Amino acid sequence: MRKPAGPPLSWALTDPSPAAFLLQLLRRARQKQRLAEAEPPDTARMPPSKKPCSGPPATLSPQRSIYFLSPREPPARLGPEFFNQPAVALAQAFLGQLADHTELRGRIVETEAYLGPDDEAAHSRGGRQTARNRGMFMKPGTLYVYIIYGMYFCMNVSSQGDGACVLLRALEPLEGLESMRQLRSSLGKGTSGRTLKDRQLCSGPSKLCQALAIDKSFDQRDLATDGAVWMEPGPPGPEPTVVAAARVGIGQAGEWTHKALRFYVQGSPFVSVVDRAAERVQP
DNA sequence: CCTAAGATTTCCT
DNA sequence: GGAAATCTTAGGA
């Protein structure tokens with residue numbers, strides 16, 4: 001461990017441009033929604049889908065994901081030669097293959113910066129480096145996914161600065177909303193069977209992990225090269241007003257408790273916690 | 001080994 | 001607005 005040369009600033013801080021907040025998070029979900037009900041409802045990491053074989057209600061517009069194929073497709077993919085066979089043979093060859101093309105996509109609207117060893121609210125405070133938080137110390141763009149309260153996940157992205165990272169707290173869901181709804185209902189507790197509104201899908205650090213099916217297996221993956229999860233620039237457009245507010249749920253962390261290290265897009269209905277007082281103080 | 005707390009969410013009053 | 005759910009991790013004995 002070494003002292004950071006410069007200020008251990010996160011992307012959000014080094015690049016004050018709202019473009020940094022408009023990066024979109026995408027995840028190509030190769031969901032295990034195989035029609036097979038073969039999977040017993042065991043308590044595995046990845047909960048099985050309960051729906052027998054139906055996808056989302058047919059009333060929804062079809063996914064457009066095939067038009068958004070990423071340059072980083074997963075290597076394991078059936079190529080042209082596979083499809084070049086007679087219908088009967090192909091029909092049989094299809095059995096057992098995965099047939100979904102779901103992309104789960106959202107615009108990042110809320111983040112928090114954790115600055116590293118000096119930050120009393122960070123898992124890396126005091127330079128603590130453990131098996132769990134190793135991702136915080138890896139190269140910028142590395143994911144740090146950890147389990148919180150024994151049942152939820154939080155997703156961070158390592159930034160410049162030793163032990164510094166950015167927590168993703170909320171997304172505006174853009175694509176794959178029905179899949180997100182299903183994931184949130186099956187992964188989350190009860191939900192009382194009520195249908196979740198769009199703004200309830202990703203408005204919280206653990207909610208967005210559920211909606212994107214992010215779990216511990218994503219820990220220490222590289223956002224820049226991974227085949228299943230990545231970020232891309234948001235569309236050009238008017239720059240949103242960014243609010244800087246205190247971080248959420250960090251308890252007592254001395255002088256760090258109230259530092260304005262949480263950032264969100266003002267007016268977005270997809271933000272998890274709105275801070276009216278902080279909004280009045282903005283420049 | 002044992003204990004306490006946790007970058008949360010959901011349900012109840 | 002308050003409390004439960006639920007278990008890993010960190011830190012001390």
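In what follows, every chain begins at residue 1, and chains take the letters A, B, ... in the order their sequences are listed. These numbers were taken from a predicted model, which means no experiment stands behind them.
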Polar-atom pairs under 3.5 Å, protein N or O versus N or O of nucleotides 10-13 of chain C: list them with distances, or write none.
from, atom 1, to, atom 2, distance (Å)
C/dA10, OP1, A/Thr130, OG1, 2.3
C/dG11, OP1, A/Arg128, NE, 2.3
C/dG11, OP1, A/Arg128, NH2, 3.3

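- For the side-chain hydrogen bond (donor to acceptor under 3.5 Å, both in side chains) condition, the pairs that include at least one residue of residues 140-149 of chain A, sequence neighbours left out, are A/His123-A/Tyr144.
- Computed from coordinates, the A/Met155 CE to B/dA7 C1' distance equals 15 Å when rounded to whole Å.
- The residue among A/Met136 and A/Gln200 whose nearest nucleotide of DNA chain B lies closer to the 5′ end is A/Met136.
- Legend: residues meeting salt bridge (Lys or Arg N to Asp or Glu O under 4.0 Å) with A/Arg280, ordered by chain and number and at least two apart, are absent.
- The salt bridge (Lys or Arg N to Asp or Glu O under 4.0 Å) analysis of residues 135-147 of chain A, with sequence neighbours excluded, yields the pairs A/Lys139-A/Asp222.
- Pairing analysis of DNA chain C (Watson-Crick: purine N1 to pyrimidine N3 plus N6-O4 or O6-N4; G-U wobble: N1-O2 and O6-N3; both under 3.5 Å) yields stems of 3 or more pairs at B:1-6 with C:7-12, B:8-12 with C:1-5.
- With sequence neighbours excluded, no residue forms a side chain to side chain contact (heavy atoms under 4.5 Å, CB included) with A/Ala91.
- Applying the salt bridge (Lys or Arg N to Asp or Glu O under 4.0 Å) test to residues at least two apart or on different chains, the pairs with a partner in residues 246-256 of chain A are A/Asp119-A/Arg247.
- Listed by chain and residue number, nothing satisfies the ring pair (Phe, Tyr, Trp, His ring centres under 6.0 Å) test with A/Phe270 (two or more places apart in sequence, or in another chain).
- Atom CZ in A/Arg262 sits roughly 15 Å away from atom P in B/dA7 (whole-Å rounding).
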Determine, stepwise, if the pair A/Ile250 / A/Tyr114 fulfils side chain to side chain contact (heavy atoms under 4.5 Å, CB included). CA-CA 11 Å; A/Ile250 56 175; A/Tyr114 288 85; 3.4 Å; yes
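- In this structure, A/Lys216 does not reach the C/dT8 phosphate: none of its side-chain N or O atoms is under 4.0 Å from OP1 or OP2.
- Under the side chain to side chain contact (heavy atoms under 4.5 Å, CB included) criterion, A/Val273 pairs with A/Arg169, A/Val248, A/Arg262, sequence neighbours left out.
- Using P as the reference atom, B/dA7 and C/dG1 are 23 Å apart when rounded to the nearest Å.
- Proximity note for A/Arg184 (side chain, C-beta onward) versus B/dA7, B/dT9, C/dT8: the nearest is B/dT9.
- Side-chain N/O atoms of A/Ser272 and A/Glu110 include a donor and acceptor closer than 3.5 Å.
- Partners of A/Ala131 by side chain to side chain contact (heavy atoms under 4.5 Å, CB included), not counting sequence neighbours: none found.
- Contacts of A/Ile148 with the nucleic acid, taken as non-hydrogen atoms under 4.0 Å apart, involve only primed sugar atoms and P, OP1 or OP2.
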Extract from the structure each pairing of a protein N or O with an N or O of nucleotides 3-5 of chain B at less than 3.5 Å, listing the distance.
none

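- Pairs passing the salt bridge (Lys or Arg N to Asp or Glu O under 4.0 Å) check and including a residue from residues 195-209 of chain A, sequence neighbours excluded, read A/Arg181-A/Asp198.
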